[in-house]
A.B. asks: 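Structure provided below as structure tokens; questions to follow.
The sequence lines fix the lettering, A, B, ..., with proteins before strands; numbering per chain opens at 1.
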Amino acid sequence: MEDPAAAPGVEVERPANPAFGDFATNLAMKLARPLRRSPLDIAEALATALRTGQDAALFAAVDVARPGFLNLRVADAAYEALVAGVLAAPAQWGRIPAVKRRKINVEFVSANPTGPLTVGNARGAFVGDLLCRVLEAGGQQVTREYYFNDSGAQINHLGASVFAIRRGEPVPEDGYKGAYVEQLAREVPDDVWAAATADGAQPDAVLGGWASKRVRGMIEASLARLGVHFDVWKSEASLHDEGWVARAVQRLRDAGEVYEQDGATWFRSTAYGDDKDRVIFKSDGRPTYFAADIGYVTEKFSRGFDHLIYVWGVDHHGTVARNKNAAQAMGYNPDSYQVILIGWVRFVADGVEVSMSKRAGTFVTLDDLLDAVGTDAARWFFASRAAHVEIDFDIELARKQSAENPVYYVQYAHARIASILRKAEAAGLAPATSVAGLLAGEPEAALARTLSRLPEVVEDAVLAEETQGITAYATDLATEFHAFYRDARVLDEAEPDRSARRLALALATKTTLANALGLLGISAPESM
RNA sequence: GCGCCUGUAGCUCAGCGGAUAGAGCGUCGGCCUCCGGAGCCGAAGGUCGCAGGUUCGAAUCCUGUCGGGCGCGCCA
């Protein structure tokens, strides 16, 4: 046996069927071919080794099953030690030691400040923040960053719309409509209006600049409601003003990957596998969005980040290659430029698709969503689905179902435990400090087995950079606790020792639920 | 046409190489003398789009095919 750990596809897993034990491994089956022995023979040999080895005390049972599984049942004492560890260091429970601590920049939302955040922005905001939390749980140092466009055509359109409404004229064809624009028009301060209408002034730009600042304030307030806090707000204009774009283009030019054609300036993206070359400066001399993007990359790396993550909607996936290629051409490791594409959210109301348009003013704002379902329920909804898949979101259904949202199931279990602990204290009962004999009964054992899974669930989330596993696990643990509650009377003054042990287990469960919810940014209420 | 994502229970979604395919909601039927009924127990409901292939083993990997979404601008 050269190096069994190096055999591909070897896994240790939790069997779906608890009758097979706590852990199972396919090691023997994977070894069968290279060793030219039958899987059952190998499994038997491994089982004997484990049963008599120095760690034999860890296992209550080591069994072999067809066609070659090795099934392990962990000894009660190991679970008892684990629960004791949870109680001794609750804040540490579920945290994963970083293999390598890196400085990571995560840019998300980055919606232009031309209108309030809509439900369309909600997914990016939640998923971006959840990603950051998962990275932090994995020991990474994370900076949350919001990139916004504070000049240019979109902002001028907004300004023109405000200008028109203020003067009682119809909103221009490519302008913005909606109650918030009318609100903005009413709130234009006298000095701003004077500056916008002075001789030689550009009303669109002046009013657009003012309005976009106001809108940014609205956006920040909405994000605060979500529990999303950004460390850095970066303006596109600053990338040009501070010379980042110019220097980045020069770097590409020095690398020989820039050329002029048809009056425009191009990046040779095809040299790195792209479908076509990409314009940096248009023939009228103005920069494309891509120009700002490459300047931004150099600006971010100049701040010492080891890794950049961009959370974008799938509709931007066509721009990934050019940006990654430019990063590589400028000398950065392309693997340190990572894009996570968020699947489309199809909004439906009572089964009928509704289109969202900021310009047409037909959209549901993020604040409306939160008013309807609450931040915990909204967070749970997005956390429980893979980031890259397209999903349907029926806001009417969400509204109706908000009272029976699965998040409350988990929170209820937490609140129920809190209530039991309060009652125990009033009765003079306290959780046991010694956990010997904790797994005396099957209800206890089942609950201990489930709560012990938290670290591996978190590790899986960290590796996958996804959170569905955490919501699923929290639901499992809540279910397991409700079963325990049904089958095992916790508070019983006639059985103080047993009560103390069960209280200890309940407290460890409460900690586990709170840590799982905390990782998702969801509250764990003491009562509800 | 090409590229990427996607098709799993009535609905919304997990599972993504292992041993009887899961959850929530919905439907039907039970459970409040006792630690919170926002709970518990049970039932119905699936050819994992389809067809080949790889493997001891495929919802999971490969190929093809059909359906849905997104992208393929000197737009942002």
A.B. asks: Kindly indicate, with the supporting measurements, whether the criterion salt bridge (charged side-chain N to carboxylate O under 4.0 Å, His left out) is fulfilled by A/Arg253 and A/Glu260.
C.D. replies: CA-CA 11 Å; A/Arg253 205 181 286 280; A/Glu260 317 292 331; 3.0 Å; yes
A.B. asks: Would you mind telling me which residue lines up with the more 5' stretch of RNA chain B, A/Phe20 or A/Lys282, judged by nearest nucleotide?
C.D. replies: A/Phe20
A.B. asks: For a quick check of understanding: with a heavy-atom distance under 4.0 Å over all strands, which category does A/Glu236 fall into, base, sugar-phosphate or nothing?
C.D. replies: nothing
A.B. asks: In the 5'-to-3' direction, what one-character label does each nucleotide of nucleotides 67-72 of chain B receive under the scheme B = base within less than 4.0 Å of a protein heavy atom, S = sugar-phosphate only, - = no such atom?
C.D. replies: --SBSS
A.B. asks: Sequence neighbours left out, what passes salt bridge (Lys or Arg N to Asp or Glu O under 4.0 Å) with A/Asp492? Give chain and number order.
C.D. replies: A/Arg498
A.B. asks: Expressed as a whole number of Å, how far does the C1' atom of B/rU27 sit from that of B/rU54?
C.D. replies: 42 Å
A.B. asks: State whether the distance check finds a donor on one side and an acceptor on the other, under 3.5 Å, for side chain A/Ser283 versus base B/rC74.
C.D. replies: yes
A.B. asks: For side-chain contact (heavy atoms from CB on, under 4.5 Å), just list the numbers for A/Phe484 and A/Thr509, CA-CA rounded to whole Å, side-chain angles, deciding distance to a tenth of an Å, and then say yes or no.
C.D. replies: CA-CA 11 Å; A/Phe484 170 79; A/Thr509 303; over 6 Å; no
A.B. asks: With a 4.0 Å cut-off on N to O distance, would you call A/Arg449 and A/Glu442 a salt bridge?
C.D. replies: yes
A.B. asks: Is A/Glu456 paired with A/Arg14 through a side-chain N to carboxylate O contact shorter than 4.0 Å?
C.D. replies: yes
A.B. asks: Which residues pass the salt bridge (Lys or Arg N to Asp or Glu O under 4.0 Å) test with A/Asp476, sequence neighbours left out?
C.D. replies: A/Arg453
A.B. asks: Between residues 472-480 of chain A and RNA chain B, which residues have a heavy-atom gap below 4.0 Å?
C.D. replies: none
A.B. asks: I want to verify the glycosidic state of B/rC48; is it syn or anti under the 90° rule?
C.D. replies: anti
A.B. asks: Quick check on RNA chain B: between A/Glu13 and A/Arg486, whose nearest nucleotide comes earlier from the 5' end?
C.D. replies: A/Glu13
A.B. asks: Whole Å only: how far is the CG atom of A/Leu491 from the C1' atom of B/rC35?
C.D. replies: 5 Å
A.B. asks: Work out how far the C1' atom of B/rG52 is from that of B/rA43, and round it to whole angstrom.
C.D. replies: 38 Å
A.B. asks: Evaluate the criterion salt bridge (charged side-chain N to carboxylate O under 4.0 Å, His left out) for residue pair A/Lys300 and A/Glu145; output intermediate values, then yes/no.
C.D. replies: CA-CA 10 Å; A/Lys300 281 180 180 169; A/Glu145 188 140 333; 5.1 Å; no
A.B. asks: What integer number of Å spans the C1' atoms of B/rA59 and B/rA14?
C.D. replies: 12 Å
A.B. asks: What distance, rounded to whole Å, do you find between the two P atoms, one in B/rG18 and one in B/rG57?
C.D. replies: 15 Å
A.B. asks: Keeping to residues at least two apart or across chains, list the salt bridge (charged side-chain N to carboxylate O under 4.0 Å, His left out) pairs with something in residues 115-125 of chain A.
C.D. replies: none
A.B. asks: Look up atom CG in A/Leu421 and atom CG in A/Leu491, then write down how far apart they are to the nearest 0.5 Å.
C.D. replies: 8.5 Å
A.B. asks: Detail all sub-3.5 Å separations between protein N/O atoms and N/O atoms belonging to nucleotides 25-27 of chain B.
C.D. replies:
from, atom 1, to, atom 2, distance (Å)
B/rC25, O2', A/Gln401, NE2, 2.5
B/rG26, OP1, A/Glu404, OE2, 3.3

A.B. asks: Find the distance A/Leu70:CG to B/rA19:P and express it as a whole number of Å.
C.D. replies: 17 Å
A.B. asks: Quick one: is B/rG15 close enough that its OP1 or OP2 comes under 4.0 Å of any side-chain N or O from A/Gln468?
C.D. replies: yes
